[in-house]
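Throughout, residue positions are numbered sequentially from 1 according to the sequence presented. Just so you know, these numbers use all the heavy atoms, side chains as well, and skip hydrogens, waters and symmetry mates.
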Amino acid sequence: MSPVPERTLKIGVLLSGSGTNFQAILDAAERKGLPVEVVHVISSRPDAFGITRAERAGISVTALNRAAYEDPCAADALIVDEMQAAGAEYLVMAGYMRKLTSVVLDAYPDHVLNLHPALLPSFKGAHAIQDAWDAGVKMTGVTVHFANEDYDKGPIIAQRAVPVLETDTIDSLEARIHSTEHELYPEVLRLFAEGRVTITNERKVSIA
């Protein structure tokens, strides 16, 4: 039996696009009892549909733009200020297409999560699904990991495999990967809400 969470985990969500993983978290909280509250959303783009999702859910939003990122450290300082003011305990990257600087990572040490559409350490970077497809692999998947200053190299929290079927197209494979993301991310957040995730001195993730 899983431990009963003593309180709701407060998270801030960072996004850049449609926000489907953000929506999956909201849905899990509403329909599956996920003990997580999204207290603030920051979008790197003012036209991201994830902003609309947040507004519909009554969640406050900060929308940045290209000009704001001309000074990445200043942009990240604003992110820290907004998230801390909202009471976010963890930051959850949900399709956030900007690399975070030490300004955020030092303010939230081992408290920034990222989702990657491949089985890291394979296929790092922004085109992981296409890269896996082009490589002709028979298995790819999804990784949730801690973010750090080394792109897609933070300690791995959880992974789930997605087979590449003979009947697949790149579109059908991408759809199944995203479906898996929508399942895995809320499951991982539940582990954090239940206090079951720790990092060892060797920078490995331990789950109780």
Assess whether atom CE of M97 is packed by more than 12 heavy atoms of other residues, nucleotides or ligands within 6.0 Å. no

Tell me the closest heavy-atom pair linking A54 and V61, and the distance in Å. CB-CG2, 3.4 Å

Rounded to the nearest 0.5 Å, how far does CD1 of I207 lie from CD of E194? 11.0 Å

Closest heavy-atom pair, N148 versus L105, reported as atoms and distance to 0.1 Å, is C-CD1, 3.5 Å

List the steps and the verdict of side chain to side chain contact (heavy atoms under 4.5 Å, CB included) for L173 and W133. CA-CA 9 Å; L173 175 62; W133 177 261; 3.8 Å; yes

Interatomic distance, S18 atom OG to I51 atom CD1 [nearest 0.5 angstrom]: 12.0 Å

With side chain to side chain contact (heavy atoms under 4.5 Å, CB included) as the criterion, how do L100 and L14 come out once you've worked through the C-alpha distance, each side chain's angles and the decisive distance to 0.1 Å? CA-CA 10 Å; L100 293 174; L14 305 176; 4.1 Å; yes

May I ask whether V188 and V38 are part of the same hydrophobic cluster, defined by side-chain heavy atoms of I, L, V, M, F, W, Y residues being less than 4.5 angstrom apart, directly or through others? yes

Would you say I157 and L91 are hydrophobically clustered, going by side-chain heavy atoms of ILVMFWY under 4.5 Å? no

Compare all side-chain heavy atoms of P117 with those of V142 and state whether any distance is below 4.5 angstrom. no

Could you report the tightest heavy-atom contact between A132 and T140, atom names first, then the distance? CB-OG1, 4.0 Å

What distance do R53 atom CZ and Q23 atom CD have between them, rounded to the nearest 0.5 Å? 5.0 Å

Between the side chains of Q159 and T143, is a donor N or O closer than 3.5 angstrom to an acceptor N or O? yes

Answer yes or no: is there a side-chain heavy-atom contact under 4.5 Å between M139 and V164? no

Check: D150 side chain, K153 main-chain N or O, donor-acceptor pair, under 3.5 Å: no

Distance in Å, R56 CZ paired with L26 CG, rounded so as to fall on 0.5 Å steps: 12.0 Å

Taking the side chain as every heavy atom from C-beta outward, state whether V41 and T62 have any pair of such atoms under 4.5 Å apart. no

Same hydrophobic cluster for M83 and F146, using side-chain heavy-atom links shorter than 4.5 Å among ILVMFWY? no

Say whether L184 and L34 are linked into one hydrophobic cluster, either directly or through other cluster members, by side-chain heavy-atom distances under 4.5 angstrom. yes

Rounded to the nearest 0.5 Å, what's the gap from NZ on K32 to CZ on R190? Could you check? 9.0 Å

Does anything in residues 50-92 form a ring-ring contact (aromatic ring centres under 6.0 Å, His included)? List the pairs, not counting sequence neighbours. Y90-H111, Y90-F192

Are the side chains of L189 and L113 in contact, using a 4.5 Å heavy-atom criterion? yes

Donor-acceptor contact present, side-chain E89 to main-chain K10, <3.5 Å: yes

Is there a path from L78 to Y108 through hydrophobic residues (I, L, V, M, F, W, Y) whose side chains come within less than 4.5 Å of each other? yes

If you apply the rule salt bridge (charged side-chain N to carboxylate O under 4.0 Å, His left out), what do you find for E202 with K204, and how did you get there? CA-CA 6 Å; E202 293 77 26; K204 301 294 184 181; over 6 Å; no

Given the options H182, E181, R176, H178 meets side-chain hydrogen bond (donor to acceptor under 3.5 Å, both in side chains) only with E181

State whether R98 and D76 are salt-bridged, where the test is any N-O pair (Lys NZ or Arg NE/NH1/NH2 against Asp/Glu carboxylate O) under 4.0 Å. no

Do we see a donor-acceptor contact under 3.5 Å between the side chains of T200 and S206? no

Between Y185 and I25, what is the shortest heavy-atom contact and its length? CD1-CD1, 4.4 Å

Indicate yes or no: at least one non-hydrogen side-chain atom of V39 is less than 4.5 angstrom from one of I11. no

Exactly one of V112, V13, V144 clears side-chain contact (heavy atoms from CB on, under 4.5 Å) with M93, and that residue is V112

Identify, with sequence neighbours excluded, every residue that meets side chain to side chain contact (heavy atoms under 4.5 Å, CB included) alongside R203. D110, P155, I199

Non-neighbouring partners of T167 that pass side chain to side chain contact (heavy atoms under 4.5 Å, CB included), sequence neighbours left out: L165

Rounding to 0.5 Å, atoms OG (S44) and CZ (R66) come to a distance of 10.0 Å

Does anything in residues 11-43 form a ring-ring contact (aromatic ring centres under 6.0 Å, His included)? List the pairs, not counting sequence neighbours. none

Excluding sequence neighbours, so at least two apart, what forms side chain to side chain contact (heavy atoms under 4.5 Å, CB included) with K99? Y151

Residue pair S102 / E149, side-chain heavy-atom distance below 4.5 Å: yes

Test side chain to side chain contact (heavy atoms under 4.5 Å, CB included) applied to V205 and T198, step by step: CA-CA 6 Å; V205 174; T198 56; over 6 Å; no

Do any N or O atoms from the side chain of K124 and from the backbone of P121 form a donor-acceptor pair under 3.5 angstrom? yes

Audit row: I79, Y96, side chain to side chain contact (heavy atoms under 4.5 Å, CB included) steps and yes/no: CA-CA 13 Å; I79 289 172; Y96 185 69; 3.5 Å; yes

Where do A48 and L15 come nearest, in terms of heavy atoms and distance? CB-CD1, 4.2 Å

Non-hydrogen side-chain atoms of I42 and L64 separated by less than 4.5 Å: yes

Can a donor-acceptor pair be found, under 3.5 Å and without considering hydrogens, that links the side chain of S43 to the backbone of P46? no

Do E174 and I177 come within less than 4.5 Å of each other through their side chains, counting heavy atoms only? no

Identify, with sequence neighbours excluded, every residue that meets side chain to side chain donor-acceptor pair (under 3.5 Å) alongside S179. none

What pair of heavy atoms forms the shortest contact from H116 to A128, and how long is it? NE2-CB, 3.5 Å

